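If you read the sequence from its start, that first residue is 1, and numbering goes on from there. It should be emphasised that the depicted structure is a prediction, and the values quoted were computed from it without experimental measurement.
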Amino acid sequence: MPRFVTRALNQVRPALAVLACVAGLWSTVAWAWDKDKLTETASRYPVKTQAAVKAMIQMAERAATLPDERDRLAVVNDFFNKRVAFKDDMEVWGQIDYWATPLEMLDKGAGDCEDYAIGKYMSLQAAGVPQAKLRMVYVRAQFQGRPQAHMVLAYYAQPESEPLILDNINPEVRPASQRPDLTPVFSFNGEGLWTGVGATSAGNPLVRLSVWRDLLAKAKAEGF
């Protein structure tokens, strides 16, 4: 993870001089996955993986019925935090850095921080939360007495509101002000890339972050 953060920051820095308001990105569209295609893709995996994917789909459908988006956050956050074991990429994939789709993560039953965040990001969109309200956030986290690179998912009820943080380290969804252990570095979703968690644009995430672009393409092919 730390090596990727260094690479990503090197990609982002040249764009930081280009400052733009991102209010126009505040859309009401949520990306829904293709349930039939996702189920068909899962059918190529072991029975336990098929059951996990079915449970994820049912979880998102249940969350979608909840009128309060904060309740949807809690349902999705709990699903992945309780079902997935934390393991680093070298242990799971034999690579220093690997971004798994939710299907791949559920197949392994394990993932690291970005895998949790990706699963929550895609599931919340399937539950009807617009992607513009969601950002993947790279942070410096104080964990067990030392700083380390970490990723969380942030939810914005409104463009200027304080975000709520979904995290695998702290399972409780909390406002960012109640997470002094996290210092944001940059954030992104399928629409934009920002310095910190503010409104300062740092360019197109699909251009600047190739690992994110590749992950989204892989997920789409699976049915997400």
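Between L124 and E69 the shortest side-chain heavy-atom distance does not fall below 4.5 Å. Looking only at side-chain heavy atoms (C-beta outward), K220 and W33 stay at 4.5 Å or farther from each other. In this structure, D107 and P46 have side chains that are in contact, with non-hydrogen atoms separated by less than 4.5 Å. Inter-residue side-chain proximity for D89 and D115 is flagged as met; some heavy-atom pair is nearer than 4.5 Å. Contact of the R70 side chain with the V173 side chain is not registered, since no non-hydrogen atoms from C-beta on lie closer than 4.5 Å. Considering only heavy atoms from C-beta on, V139 stays 4.5 Å or farther from V185 through its side chain. With contacts defined as side-chain heavy-atom distances shorter than 4.5 Å, the pair V211/E114 does not qualify. Contact of the Q148 side chain with the R140 side chain is not registered, since no non-hydrogen atoms from C-beta on lie closer than 4.5 Å.
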Only distances under 3.5 Å count here; give the side-chain donor-acceptor pairs of residues 52-65 to other protein atoms, sequence neighbours excluded, each with its distance to 0.1 Å.
unit_1 : atom_1 : unit_2 : atom_2 : d
E61    : OE2    : K35    : NZ     : 2.9
T65    : OG1    : R62    : O      : 2.6

Exercise. Give the intermediate values and the outcome of side-chain contact (heavy atoms from CB on, under 4.5 Å) for residues W99 and M105.
Key: CA-CA 9 Å; W99 286 28; M105 177 173 61; over 6 Å; no
Quiz item: How far apart are the C-alpha atoms of N81 and K120, what are their side-chain angles, what is the distance that settles it, and do they pass the side chain to side chain donor-acceptor pair (under 3.5 Å) test?
Solution: CA-CA 10 Å; N81 285 352; K120 295 170 187 179; 2.9 Å; yes
Exercise. Mind running side-chain contact (heavy atoms from CB on, under 4.5 Å) on D36 and D34 for me, showing each step along the way?
Key: CA-CA 6 Å; D36 291 339; D34 183 334; 3.8 Å; yes
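Screening F188, F224, W212 for a ring pair (Phe, Tyr, Trp, His ring centres under 6.0 Å) with Y121, the sole residue that qualifies is W212.
K218 and A100 get closest at one heavy-atom pair: NZ-CA, 4.5 Å. The shortest non-hydrogen separation linking P180 to S177 is CD-O, 4.2 Å. Here the shortest heavy-atom pairing between L182 and A141 reads CD2-CB, 3.6 Å. In this structure, D112 and D88 approach most closely via the heavy-atom pair CB-CA, 4.3 Å. Heavy atoms only, all atoms of each residue included: S123 and V76 are closest at CB-CG1, 3.8 Å. Of all non-hydrogen atoms in I165 and A176, the two that sit nearest each other are CG1-CA, 3.9 Å.
With respect to the salt-bridge test (charged N to carboxylate O, under 4.0 angstrom), the residues D167 and R179 qualify.
No path of Ile, Leu, Val, Met, Phe, Trp and Tyr side chains, each step under 4.5 Å between heavy atoms, connects Y98 with Y116, placing them in separate hydrophobic clusters. Criterion: ILVMFWY side-chain heavy atoms under 4.5 Å apart, direct or through other members. Under it, Y45 and W93 are not part of a common hydrophobic cluster. Under the 4.5 Å side-chain heavy-atom criterion for Ile, Leu, Val, Met, Phe, Trp and Tyr, V92 and L215 are members of distinct hydrophobic clusters. I169 and I118 sit in two unconnected hydrophobic clusters of ILVMFWY residues. Membership requires side-chain heavy atoms under 4.5 Å apart, directly or through other members.
The backbone N or O of M122 sits nowhere less than 3.5 Å from a side-chain atom of Q125 that would complete a donor-acceptor pair. Judged purely by atom type and a 3.5 angstrom limit, N189 uses its side chain to pair as donor or acceptor with the backbone of Q131. Formation of a donor-acceptor pair under 3.5 Å by the R72 side chain with backbone atoms of L66 is found in this model. Side-chain N or O atoms of K133 include none that pairs as donor or acceptor with a backbone N or O of A154 at under 3.5 Å.
Side chains of E222 and T41: no donor on one and acceptor on the other come within 3.5 Å. Side-chain contact, R135 with S187: a donor N or O sits under 3.5 Å from an acceptor N or O.
Rounding to the nearest 0.5 Å gives a distance of 6.5 Å between OH of Y138 and SG of C113. Here CG of L164 is found 9.5 Å from CD of Q178. Values are rounded to the nearest 0.5 Å.
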